[in-house]
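The next block holds one structure in the form of structure tokens; read it before the comments.
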Amino acid sequence: MQKTLKLLVAFMFIGATAFAQTRQLTLKDAIIGRYGQYNPERLHQLAWVKNSKDTYSYVEKHKLIGKNIKGKEVEYTSTTQINNALRAAGQDTLKRFPVISWINQDEILFRNGNHFNLYQLNSQHIAKTISIKPEGKFADFNAKARTVAFTVDNNLWVADENGMTAITDDQNTGIVNGQYVHRREFGITKGTFWSPKGDLLAFYRKDETMVRDYPIVDFMTREAELKPVKYPMAGMKSHHVTLGVYNCKTQKTVFLKTGKPLDHYLTNIAWGPAEKYIYIAELNRDQDDMKLNQYDATTGDFVKTLYEETSKTYVEPLHPIVFSKTNPNHFYRWSRKDGYFHVYLYDTSGKMLKQITKGPWEVTDILGFDPAEKYMYFVSTKESPIDRNIYKVQISNGEITRLDKAEGTHQALLSDDGKYLLDTYQSKNVPRVTNLMTNKGKVVSNLLTAKNTLKDFKFGKNTIFTIKAADGKTDLYCRMILPADFDSTKKYPVIVYVYGGPHAQLVRNTWHNNARFWQYYMAQKGYIAFTVDNRGSENRGAAFENIIHRHLGINETADQMKGIDYLKSLPYVDKNRIGVHGWSFGGFMTLNLMLRHPEVFKVGVAGGPVVDWKMYEVMYGERYMDTPQENPEGYKECNMLNHVSSLKGKLMLIHGAEDQTVVMQQSMKFLRECIKQQKQVDFFVYPTSEHNVHGIDRVHLMRKVSDYFLQNL
């Protein structure tokens with residue numbers, strides 16, 4: 001009887017497991033659920049408590065929880081307690097726990113509308129509120145000075161507990177202060193830069209009066225309205241940028257004498273530790289010559305060039321220098337000067353003291369240093385281009401030690417004393433794990449092991465492998481997803497998902513190999529989903545990326561076709577039913593593949609595609625293509641208008657009507673050329689979308705894309 005009962009339980013378990021793994025993704029699951037109910041659990045707002053050395057915090061169930069390395073737990077505050085304090089201060093209450101920053105062990109900062117609140121944890125009250133104008137944007141809080149910089153329209157303001165002060169008063173809206181410049185290229189994400197003590201504020205001033213207004217139309221008003229933007233195209237006039245320095249005590253501003261030509265690029269702004277000097281990576285418009293220049297922050301005078309870096313292709317500075325905490329005359333520089341992103345130690349005379357990391361791999365993040373700066377902690381691709389692991393390097397001799405033990409993609413937070421790290425990682429079969437570990441790599445405790453939110457779904461095999469690039473020697477990483485009920489004796493159509501451009505890597509060792517759930521959705525429908533990261537994509541070194549210079553789409557397409565050769569070698573691939581889909585640079589690549597190899601691709605969907613690089617913006621376009629005047633043959637070669645005559649398959653273009661990144665003119669020109677050549681092509685527009693389609697509208701978008709393949713492939 002007992003044996004029979006055990007067998008019955010076993011059969012029930014097997015049956016339940018088989019039943020559980022038969023769910024099918026809906027499109028809403030794949031698009032919205034990916035970042036909602038199916039996003040693996042995480043420790044929200046995980047951070048080290050400022051100056052605590054051994055205590056970290058996270059938000060859970062409307063509470064801010066703290067734990068030390070021994071596991072002792074404390075509840076710092078809750079949404080209810082914060083709301084009580086907000087009521088007492090006459091502010092609106094919050095529905096959820098706010099995003100916080102630690103100021104010190106007893107004080108946090110959070111924003112509530114246009115109010116920046118300094119909240120005391122011991123007394124559970126708001127000690128100080130700094131308010132900005134309700135219409136204020138690009139707010140930048142300085143913890144030392146308890147001051148906020150912000151913009152209103154095109155002008156810059158500062159606010160403290162005593163009120164608000166306008167720093168600039170430019171009436172011409174073509175002059176913009178305190179906002180990002182150069183269209184967020186060169187690692188630029190903001191337009192204000194506080195000095196270490198918060199006494200001085202450096203800010204960008206962008207003069208774009210010489211750039212024509214580009215017409216963007218809002219079709220949702222009763223009478224369509226013009227919303228012009230400044231969009232300098234490759235080879236045309238570009239904006240002029242200067243850097244101002246505002247003294248909060250004297251309320252005076254000086255501008256750094258950065259000189260001519262005025263259309264050069266000012267990037268990677270860094271303050272010296274004594275607040276006397278500012279360091280700028282200045283790049284010529286050709287982007288092949290970069291100088292790290294030093295300026296006097298008081299007078300604006302040029303002091304000296306610390307070093308210069310040139311390239312036959314392009315130099316792309318992405319990271320400001322970081323000054324040593326132990327020696328104010330030393331700084332760390334993150335550069336690709338030897339072909340890979342590595343870290344170097346310099347002194348302020350411009351002398352390179354040593355290269356700290358070295359090898360055919362990339363440093364992707366610098367986590368910090370121990371207080372004595374004996375070690376630097378970093379993340380890199382040292383084990384594999386598709387992994388990210390945590391290391392420490394001894395600065396004196398360059399000896400590197402790997403700290404984590406699990407393969408996959410790691411990110412970490414280093415404690416103030418450099419003794420502990422909070423390590424969070426994913427890999428193909430690991431949704432998310434967070435561990436507390438020592439600086440020697442010993443795991444002290446597991447803080448989170450997320451459950452598999454997709455365990456009930458039936459997915460096909462997902463694998464990563466390599467093929468050779470078109471040069472016959474370079475390894476390219478590929479990802480392939482098979483249908484759930486795959487039968488090797490059958491023939492399956494393939495959908496290639498492509499990006500192919502710089503600053504992107506699609507194939508990585510994260511959960512489900514970094515696949516989009518839409519690819520699983522289409523695999524459910526009987527398609528093989530395939531992706532290859534061609535030369536030109538990210539995190540493989542300068543030579544791997546620079547191969548695209550002056551000839552966008554050519555080598556990338558050749559590498560993608562090696563992926564097609566691999567697919568055609570498989571007996572279960574229907575070589576007559578291959579489709580391709582991509583967005584932005586991926587839309588450009590979709591057109592390349594469809595038009596350069598019309599005999600291969602039956603169906604394509606190009607979203608927000610670049611068609612003609614002459615119509616793309618200055619900074620990105622000229623980096624990779626030079627100007628149309630300098631490279632006319634290159635621009636002609638990669639202009640998709642010149643290849644429309646080859647079109648054979650079914651092609652759909654999709655574009656956002658308010659796209660300010662790849663303007664809709666690109667698709668309009670392509671459609672007009674198709675009409676002139678009597679080529680049938682499909683088109684769909686999202687009337688209120690910019691460069692991509694977000695929210696619930698994205699479900700509509702991916703239904704449109706999915707149906708196009710289902711109907712035609």
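On a predicted model such as this, the values are computed, not experimentally measured, just so you know. We're numbering straight along the sequence, starting at 1.
- You'll find the side chain of R388 reaches within 4.5 Å of the side chain of N539, heavy atoms only.
- Just one residue in the list Y375, F378, Y377 forms a ring-ring contact (aromatic ring centres under 6.0 Å, His included) with Y391, and that residue is F378.
- The cationic group of K133 lies under 6.0 Å from the six-membered ring centre of W157 and within 45° of the ring axis, placing it in a cation-pi geometry.
- Within 6.0 Å of the NZ atom in K304, the count of heavy atoms belonging to other residues, nucleotides or ligands exceeds 12.
- In this model, no donor atom of one side chain and acceptor atom of the other lie less than 3.5 Å apart for E282 and T258.
- Under the 4.5 Å side-chain criterion, counting only non-hydrogen atoms from C-beta, L156 is in contact with L201.
- Note: Y76 and W102 meet the aromatic proximity criterion, with ring centroids under 6.0 Å apart.
- By the 4.5 Å heavy-atom criterion applied to side chains, Q294 and L306 are counted as neighbours.
- The ring-ring contact (aromatic ring centres under 6.0 Å, His included) test with F323 singles out one residue from Y279, Y346, W271, and that residue is Y279.
- A salt bridge links E658 with K227; the closest basic N to acidic carboxylate O contact falls under 4.0 Å.
- Between the side chains of N327 and E373, not a single donor N or O lies within less than 3.5 Å of an accepting N or O.
- Here K392 does not pair with D370 in a salt bridge; the nearest charged N to carboxylate O distance is not below 4.0 Å.
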Next item on the list: Any chance you could lay out the side-chain hydrogen bond (donor to acceptor under 3.5 Å, both in side chains) test for Q171 and D169, step after step, and finish with the verdict?
Entry: CA-CA 6 Å; Q171 301 301 310; D169 185 27; 2.7 Å; yes

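- F341 and H319 have perpendicular rings, their planes meeting at more than 60° on a 0 to 90° scale where under 30° would count as parallel.
- Summarising the local packing, CG of N51 is surrounded by more than 12 heavy atoms from other residues, nucleotides or ligands at distances under 6.0 Å.
- Each of T129, T77, D106 was evaluated against Y119; a single residue qualifies, T77, per the side chain to side chain donor-acceptor pair (under 3.5 Å) test.
- Environment of CG in N329: crowded, with over 12 heavy atoms of neighbouring residues, nucleotides or ligands closer than 6.0 Å.
- At least one test fails for K325 against the ring of F369: distance under 6.0 Å to the centre or angle within 45° of the axis.
- Residues M290 and E316 have side chains not in contact (no heavy-atom distance under 4.5 Å, counting atoms from C-beta outward).
- The number of heavy-atom neighbours closer than 6.0 Å to NZ of K50, taken from other residues, nucleotides and ligands shown, is 12 or below.
- Aromatic pair F138/F203: ring centres not closer than 6.0 Å.
- For the side chain to side chain donor-acceptor pair (under 3.5 Å) test, no residue two or more places apart in sequence or in another chain qualifies with K276.
- Under the 3.5 Å distance criterion, with hydrogens and angles disregarded, no donor-acceptor pair is assigned to the side chains of T80 and H62.
- With Y204 as the fixed residue, the ring-ring contact (aromatic ring centres under 6.0 Å, His included) test singles out one of F255, Y180, F193, Y265: F193.
- For H264, there are no side chain to side chain donor-acceptor pair (under 3.5 Å) partners at least two apart in sequence or on another chain.
- Within the 4.5 Å cutoff, no side-chain heavy atoms of S537 are placed close to those of Y499.
- Inspection of the S349 and D347 side chains reveals an N or O donor paired with an N or O acceptor under 3.5 Å.
- The distance between the ring centers of Y624 and Y314 falls below 6.0 angstrom.
- For the pair V217 and L226, the minimum side-chain heavy-atom distance is below 4.5 Å.
- With hydrogens and angles left out, the side-chain atoms of T147 and D160 include no donor and acceptor closer than 3.5 Å.
- Ring geometry for Y425 versus H410: interplanar angle under 30°, hence parallel rather than tilted (30 to 60°).
- Proximity of M236 to R212: side-chain heavy atoms (C-beta onward) are nowhere separated by under 4.5 Å.
- Donor-acceptor pairing under 3.5 Å is lacking for the side chains of Y214 and E617.
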